[in-house]
Amino acid sequence: MKQTVTIEEKKGERLIAGCDKSLCESCKASFFCTSKKASFDVLNPENIPLEKGDQAIIDMPPRKTLFTVFMSLGFPLLMFVPGYIIGALISDSQGIMLLTSLLGVALGFVISALFFKANKRKYTPVIVEKKEEDN
């Protein structure tokens, strides 16, 4: 998935980009997205000369995008099932089963967060080119 972004901040090697929030309306995941922040880190492996205010094109392959959505939302929800099973094994109480199910979901979010923290560079969008200004 390629997208045009604007470089909002440059701190040494670190680039922070922002996108037009209206572009999110066409995204299939916009229903689930609760981010009010439209700024995010981007990588510049080609060392394309960019300054604050420049526009660039970033790329995030569809496979990585889908996997990111799955790990962010799907995996924690799947952890509901093992939580429920564990609750059913230790008690017949519906309250205990609900509690262990919710703990499973919470554990899923923690595992997901740790996964992305360990693999941040692999799932960060990459700048592929500087967008030239239209005349």
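The first residue of the sequence shown is numbered 1, and numbering continues consecutively from there.
- For the pair Leu50/Lys130, a side-chain contact is recorded, criterion being any heavy-atom separation below 4.5 Å from C-beta on.
- In this structure Gln55 satisfies the side-chain hydrogen bond (donor to acceptor under 3.5 Å, both in side chains) test with no other residue, sequence neighbours excluded.
- Put simply, Ile111 and Tyr123 are part of the same group of oily side chains (I, L, V, M, F, W, Y) that touch within less than 4.5 Å, one to the next.
- The closest side-chain heavy-atom distance from Lys122 to Lys64 is below 4.5 Å.
- Considering only heavy atoms from C-beta on, Tyr84 stays 4.5 Å or farther from Leu102 through its side chain.
- Going from atom CD1 of Ile86 over to atom CG of Leu99 covers 11.5 Å, rounded to the nearest 0.5 Å.
- Nearest heavy atoms, Thr6 versus Gly53: CG2-O, 3.8 Å.
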Please walk me through it: do Ile58 and Val126 pass side chain to side chain contact (heavy atoms under 4.5 Å, CB included)?
CA-CA 5 Å; Ile58 60 169; Val126 175; over 6 Å; no
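- Nearest heavy-atom pair, Met79 versus Gly108, reported as atom, atom and distance to 0.1 Å: CG-CA, 3.7 Å.
- Going from atom CD of Glu8 over to atom CZ of Phe40 covers 8.5 Å, rounded to the nearest 0.5 Å.
- Two rings, from Phe67 and Phe75, have their centers 6.0 Å or more apart.
- Classification of Lys10 and Glu51 as a salt-bridged pair holds, one side-chain N sitting under 4.0 Å from a carboxylate O.
- The side-chain contact (heavy atoms from CB on, under 4.5 Å) check on Gln94 picks up Met97, with sequence neighbours excluded.
- The two residues Thr100 and Gly87 come nearest to each other via the heavy atoms OG1-CA, 3.1 Å.
- Residues Phe70 and Leu78 are in side-chain contact: their nearest non-hydrogen atoms beyond the backbone lie under 4.5 Å apart.
- Within the 4.5 Å cutoff, the side chain of Arg121 has heavy atoms near those of the Leu43 side chain.
- Rounded to the nearest 0.5 angstrom, Phe115 CZ and Thr68 OG1 are separated by 8.0 Å.
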Should Phe116 and Ser72 be marked as a side chain to side chain contact (heavy atoms under 4.5 Å, CB included) after you check the CA-CA gap, both sets of side-chain angles, and the distance that decides it?
CA-CA 9 Å; Phe116 284 120; Ser72 299; 3.7 Å; yes
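- In this structure, Asp41 and Thr124 approach most closely via the heavy-atom pair O-CG2, 3.4 Å.
- Here OG1 of Thr65 is found 5.0 Å from CE of Met60. Values are rounded to the nearest 0.5 Å.
- Of all non-hydrogen atoms in Ala17 and Val42, the two that sit nearest each other are CB-CG1, 3.9 Å.
- Taking CD1 from Ile127 and CD1 from Ile57, the interatomic distance works out to 10.5 Å, rounded to the nearest 0.5 Å.
- The heavy-atom pair separating Ser101 from Phe80 by the smallest distance is CB-CE1, 3.3 Å.
- Side-chain heavy atoms closer than 4.5 Å link hydrophobic residues (I, L, V, M, F, W, Y) into clusters, and following such links, possibly through other members, connects Ile48 to Val5.
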